[in-house]
Amino acid sequence: MAEVSSETRFLHAIEMGLGAWQWGDRLVWQYGQGYSGKEVHDAFKLSVEEGIRFIDTAESYGNGLSERLLGNFIKETDQPVLVATKYFPFPWRFLRTSVTRALKNSLERIGVESVDLYQIHWPSPLMSIDRMMDGMAECVKSEMTRTVGVSNFNQTQMLAAYSALARQNIPLASNQVHYSLLNRKVEKNGLLARCRELGVRLIAYSPLEKGLLSGKYNADSRPPGTRAGIYANILPKIEPLIKLMTTIGQDHGGKTNSQVALNWTICKGALPIPGAKNIKQAQENAGALGWRLTEEEVAKLDEVSDQILDR
Ligand SMILES: NC(=O)c1ccc[n+]([C@@H]2O[C@H](COP(=O)([O-])OP(=O)(O)OC[C@H]3O[C@@H](n4cnc5c(N)ncnc54)[C@H](OP(=O)(O)O)[C@@H]3O)[C@@H](O)[C@H]2O)c1
């Protein structure tokens, strides 16, 4: 592994974070139905008490509501909280100054002077990576963010971002990508290894595969909303993996499927940021810390997940 730069080292010391897409999102997560501000506040408080202090939000989550809620929650805690947010390259925002202006707006919504990580949410055909990184560099120089990262960037795009920032002596802190026992593309295509080589922290989003890895959904009991369609093909196949996770969890004194799923991503060298809708989910997910799967267990989980993903 390359030596991690001193500015971004803190990210490598974080084992797990908390995702805040659920805070305000109605389209995928049905915010307002069965859970709302109180429940996510409880999830936040519990996570912070359990030592999970890295929160991942975005300007687009709940159209800014996620950032606003985070700002309110931060004000009510005396614990230090590390904030990561994101720039969305909408087609009408493609200038260097679009990035700095968007971060200013995020800071206002969160009510802080700077964040710890500012990320480009998705690459865009309308905005070059060089221009994006010029904007990100400006955000670091003006001290609106401590570090910068990308999200959903493939290896080529990540290397371009890395080099563009390096020209300004700024390290690329992270690449936030989809990574779970049911989505191992970044492991198979070399992105995870490349991140390790460059000292870039790989942040794993959807580490519970949007709830599937908890074991509560199957072909007969489908998740609500858009997830039912997205996962229609995979749901009938996941039973062997869920069974194995349950057995492995039992061997660790009764760890749950979600805890096994999150621990697996940590064992792989990633930083998972599971979303939680309420205190119960946050509590359970916090139990992914403080213990480790064995190498043999990771290998067995890999084998069974491969069988599902290859079918
Ligand atoms: N950069 C990007 O493009 C991108 C994309 C996606 C996500 N993200 C980030 O990554 C975070 C996590 O990803 P995600 O929200 O997509 O998926 P996830 O963390 O894999 O799944 C979260 C969902 O799983 C269910 N769940 C959570 N904990 C559970 C538990 N202990 N037991 C049972 N069910 C549980 C909840 O939904 P139900 O209760 O409704 O099942 C929850 O909303 C997001 O919040 C966001 O910050 C980033």
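Only this structure's heavy atoms are used, side chains among them; waters, hydrogens and symmetry mates stay out. In each ligand, atom 1 is the first atom listed, and ligand 1 is the first ligand listed.
Here the shortest heavy-atom distance to atom 20 (O) of ligand 1, taken over L208, N278, L18, belongs to L208.
Counting the atoms of ligand 1 from 1 in the order shown, those under 4.0 Å from a heavy atom of D56 are 9 (C), 46 (C), 47 (O). The ligand atoms of ligand 1 that sit less than 4.0 angstrom from a heavy atom of Y217 are 38 (P), 40 (O), 41 (O). For ligand 1 and E284, the ligand atoms under 4.0 Å from any heavy atom of the residue are 31 (N), 32 (N). Atoms of ligand 1 found under 4.0 Å from any heavy atom of P207, numbered from 1 in the order shown, are 19 (O), 20 (O). Listed by number with element, the atoms of ligand 1 under 4.0 angstrom from any heavy atom of S214 are 32 (N), 33 (C), 34 (N). If you number the atoms of ligand 1 from 1 as listed, the ones under 4.0 Å from a heavy atom of S258 come out as 30 (C), 31 (N), 32 (N). Within the listing of ligand 1, atoms 9 (C), 10 (O), 11 (C), 12 (C) sit less than 4.0 angstrom from a heavy atom of I273. Close approach of ligand 1 to H121 (heavy-atom distance below 4.0 Å) involves ligand atoms 1 (N), 2 (C), 3 (O).
Of the protein's heavy atoms, S206 OG, 3.6 Å lies nearest to atom 14 (P) of ligand 1. At the top of the distance list for atom 3 (O) of ligand 1, counting protein heavy atoms only, stands N152 ND2, 2.8 Å. Y205 CE2, 3.2 Å is the protein heavy atom nearest to atom 2 (C) of ligand 1. Counting only heavy atoms of the protein, atom 15 (O) of ligand 1 lies nearest to Q22 NE2, 2.7 Å. Closest to atom 28 (N) of ligand 1, if we only count protein heavy atoms, is N285 ND2, 3.1 Å. Looking only at protein heavy atoms, the nearest one to atom 1 (N) of ligand 1 is S151 OG, 2.8 Å. Protein heavy atom nearest atom 48 (C) of ligand 1, with residue, atom name and distance: Q176 OE1, 2.9 Å.
When only modelled atom types and interatomic distance are considered, T57 and T85 share no side-chain donor-acceptor pair under 3.5 Å. For the residue pair Q119 / S151, no side-chain donor-acceptor distance below 3.5 Å is found, with atom types taken as modelled.
Contact detail for W122 and F88: the closest heavy-atom pair is CD1-CE1, 3.5 Å.
Within the 4.0 Å heavy-atom cutoff, R227 counts among the residues contacting ligand 1. For A20, the closest heavy-atom approach to ligand 1 falls below 4.0 Å. Contact between Q259 and ligand 1 is absent, with no heavy atom of the residue lying under 4.0 Å from the ligand.
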* Test log, rule salt bridge (charged side-chain N to carboxylate O under 4.0 Å, His left out), inputs E15 and R292 -> CA-CA 12 Å; E15 276 198 298; R292 276 292 163 106; 3.2 Å; yes
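For the pair E187 and K268, the salt-bridge criterion is met [side-chain N within less than 4.0 Å of a carboxylate O]. Look at D134 and R96 and you find no salt bridge, because none of the NZ, NE, NH1 or NH2 atoms lies under 4.0 Å from a carboxylate O. Here E138 does not pair with K141 in a salt bridge; the nearest charged N to carboxylate O distance is not below 4.0 Å. Between K300 and E297 there is no salt bridge, since no side-chain N of the basic residue sits under 4.0 Å from a carboxylate O of the acidic one.
Considering backbone and side-chain N/O atoms, G275 comes within less than 3.5 Å of an N/O atom of ligand 1. Considering backbone and side-chain N/O atoms, P274 never comes within less than 3.5 Å of an N/O atom of ligand 1. For W29, no nitrogen or oxygen atom sits less than 3.5 Å from a nitrogen or oxygen atom of ligand 1, counting backbone and side chain alike. The shortest N/O to N/O separation between K86 and ligand 1 does not fall below 3.5 Å.
Classification of the F90-W92 ring pair by plane angle, with boundaries at 30° and 60°, yields parallel. Using a 30° and 60° split on the angle between ring planes, W291 and H252 fall in the tilted class, from 30° to 60°.
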